[in-house]
Protein chains: 2
Amino acid sequence: MNLKADRGAATRERVLAIATRLFAERGYDDTSIETVLQETGLSRGALYHHYAGKDALFEAVLEATESAIGARIADAVRGVADPAAALRTGALAWIRLAGDPVIRRVVLIDAPSVLGWERWRAMEERYSFGMLKAALKAAGTVPREHLDVYAHMLLGAINESALLVARGGATATAEAAVEDFLNRLLKTP
Amino acid sequence: MNLKADRGAATRERVLAIATRLFAERGYDDTSIETVLQETGLSRGALYHHYAGKDALFEAVLEATESAIGARIADAVRGVADPAAALRTGALAWIRLAGDPVIRRVVLIDAPSVLGWERWRAMEERYSFGMLKAALKAAGTVPREHLDVYAHMLLGAINESALLVARGGATATAEAAVEDFLNRLLKTP
DNA sequence: GAAATTACCGACTGACAGTCGGTTTGTCTA
DNA sequence: TAGACAAACCGACTGTCAGTCGGTAATTTC
């Protein structure tokens with residue numbers, strides 16, 4: 001079980017890479033399985049052997065993307081001791097990452113409606129949202145009982161500004177505004 | 001031009017009401033035009049005579065919904081003199097409205113991906129976002145150059161908590177958290 | 001009363017996601 | 001090492017759906 005398993009894994013990876021590009025370029029709806037087949041050179045049967053359906057393929061793309069984002073933000077934050085500063089650094093890193101069309105289209109726009117809010121939230125929990133909540137807790141300026149709602153609101157706010165930047169807004173202004181926003185929020189009242 | 005125009009308008013309204021219900025119950029993708037035809041008793045040709053396509057129908061539904069939301073929030077805020085208080089009142093009203101499945105599904109989940117971020121933003125600008133920005137400006141505690149980004153972040157935050165409540169989260173906790181959130185944000189630094 | 005406009009009809013088309021009964025090709029075991 | 005087994009891969013086929021188009025009927029306009 002080696003040559004064969006490897007071939008399967010390689011195929012899955014190839015499909016994933018191509019599907020990622022297509023989903024980012026055209027969005028979920030305007031990407032046909034037909035196109036994925038053409039670009040990968042695979043047959044219908046082969047594709048459906050590896051991925052249960054179009055949603056499953058999208059979910060795999062999303063999972064890989066979220067994972068990559070998580071790693072890059074973790075990199076940016078590494079070595080920042082102060083929790084509030086880490087939160088700020090992480091948020092700014094995330095905003096800059098949102099310039100990437102894959103992240104914008106796949107993660108910020110299509111994911112909630114394709115997966116449904118439930119599954120989308122579950123995935124976010126494992127990645128960006130989870131990190132954010134932990135950081136917020138470490139900062140210690142938010143009452144325990146509001147932690148969850150706060151983390152949601154904060155993520156919503158940051159994602160929204162990320163979309164704004166991604167849409168061609170002024171990056172510098174947005175970053176300054178986000179810093180200001182966070183400073184106000186994280187101050188002990 | 002009366003009997004005829006009236007009949008047309010009545011048909012459009014009937015379709016709109018039924019489509020609204022279907023989109024809210026099943027979401028955009030899982031609502032087929034076929035079903036709309038069955039439930040309205042209309043023919044294909046007639047439907048496409050009134051609405052250019054499925055997106056156009058959805059957009060009409062969204063427009064009507066947003067307009068209704070705007071009116072209800074304006075109602076809630078009417079008579080509140082202090083801008084900051086009005087902002088708080090409006091935000092809480094919005095969160096409560098988000099319990100409605102039509103609003104949750106159509107406005108918060110499907111709209112961005114069906115219309116595309118561009119057209120979605122343009123519509124929000126005319127309704128909730130426009131109101132929010134005006135209120136924020138009136139409050140006067142946010143630097144002018146950050147007003148736009150701030151309004152976006154705030155709307156993102158509020159929408160997110162609205163989704164949380166709509167998904168069955170604790171309403172009271174969420175409302176308290178939102179109040180706290182807004183209080184921190186609106187304080188002059 | 002004729003021309004124009006509007007509401008409405010339904011068969012048809014093309015695109016697409018997903019299915020299914022295969023064949024081929026490595027892998028494990030008796 | 002033969003033969004069972006499973007995984008990778010194939011492509012014709014099906015059902016569903018959005019959208020089109022050449023109509024008819026009814027009403028308004030001139």
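Values below: every heavy atom of this structure, side chains too, minus hydrogens, waters and symmetry copies. Residue numbers start from 1 in every chain, and the chains themselves are labelled A, B, ... in the order their sequence lines are given, proteins ahead of strands. Keep in mind it's a predicted model, so treat the numbers as computed, not measured.
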Practice task
Go through the N and O atoms of the side chain of B:Arg44 and the base of D:dG19, and report whether any donor-acceptor pair is under 3.5 Å.
Solution key: yes
Problem - Below 4.0 Å: OP1/OP2 of D:dC9 and any side-chain N or O of A:His49 - result: no
Exercise for the section: Establish, with yes or no, whether the OP1 or OP2 oxygen of D:dC9 is under 4.0 angstrom from a side-chain nitrogen or oxygen of A:His50. Expected result: yes
Problem - Whole-Å distance separating the CG atom of A:Leu47 from the P atom of D:dA12 - result: 17 Å
Practice task
Using whole Å, report how far OH of A:Tyr51 lies from C1' of C:dA17.
Solution key: 17 Å
Practice task
Round to the nearest Å and state the distance from B:Lys54 atom NZ to D:dG19 atom P.
Solution key: 8 Å
Problem - Any B:Thr11 side-chain nitrogen or oxygen under 4.0 Å from OP1 or OP2 of C:dC8 - result: yes
Practice task
Could you tell me whether A:Thr35 contacts a base, only the sugar-phosphate backbone, or nothing, with contacts defined as non-hydrogen atoms closer than 4.0 Å?
Solution key: nothing
Problem - Between C:dA15 (C1') and B:Asp29 (CG): distance, integer Å - result: 15 Å
Completion exercise
When rounded to whole Å, the OH to P distance for the pair B:Tyr48 and C:dC12 reads 18 Å
Problem - Length of the line joining B:Arg12:CZ and C:dC8:P, which is rounded to integer Å - result: 9 Å
Handout entry: Over all atoms of both residues, closest heavy-atom pair of B:Val107 and B:Pro112
Key = O-CD, 4.1 Å
Practice task
Could you tell me whether the side chain of B:Arg184 and the main chain of A:Leu185 form a donor-acceptor pair under 3.5 Å?
Solution key: yes
Fill in the blank from the handout: Atom CD1 of A:Ile33 and atom P of C:dT19 are separated, to the nearest Å, by 11 Å
Practice task
Check for a donor-acceptor pair, side chain of A:Thr35 on one end and backbone N or O of A:Thr31 on the other, with a separation under 3.5 Å.
Solution key: no
Practice task
Please work out if B:Gly45 contacts a base, only the sugar-phosphate, or nothing of the nucleic acid, heavy-atom cut-off 4.0 Å.
Solution key: base
Practice task
To the nearest Å, give me how far apart CG (A:Asp55) and P (C:dC16) are.
Solution key: 17 Å
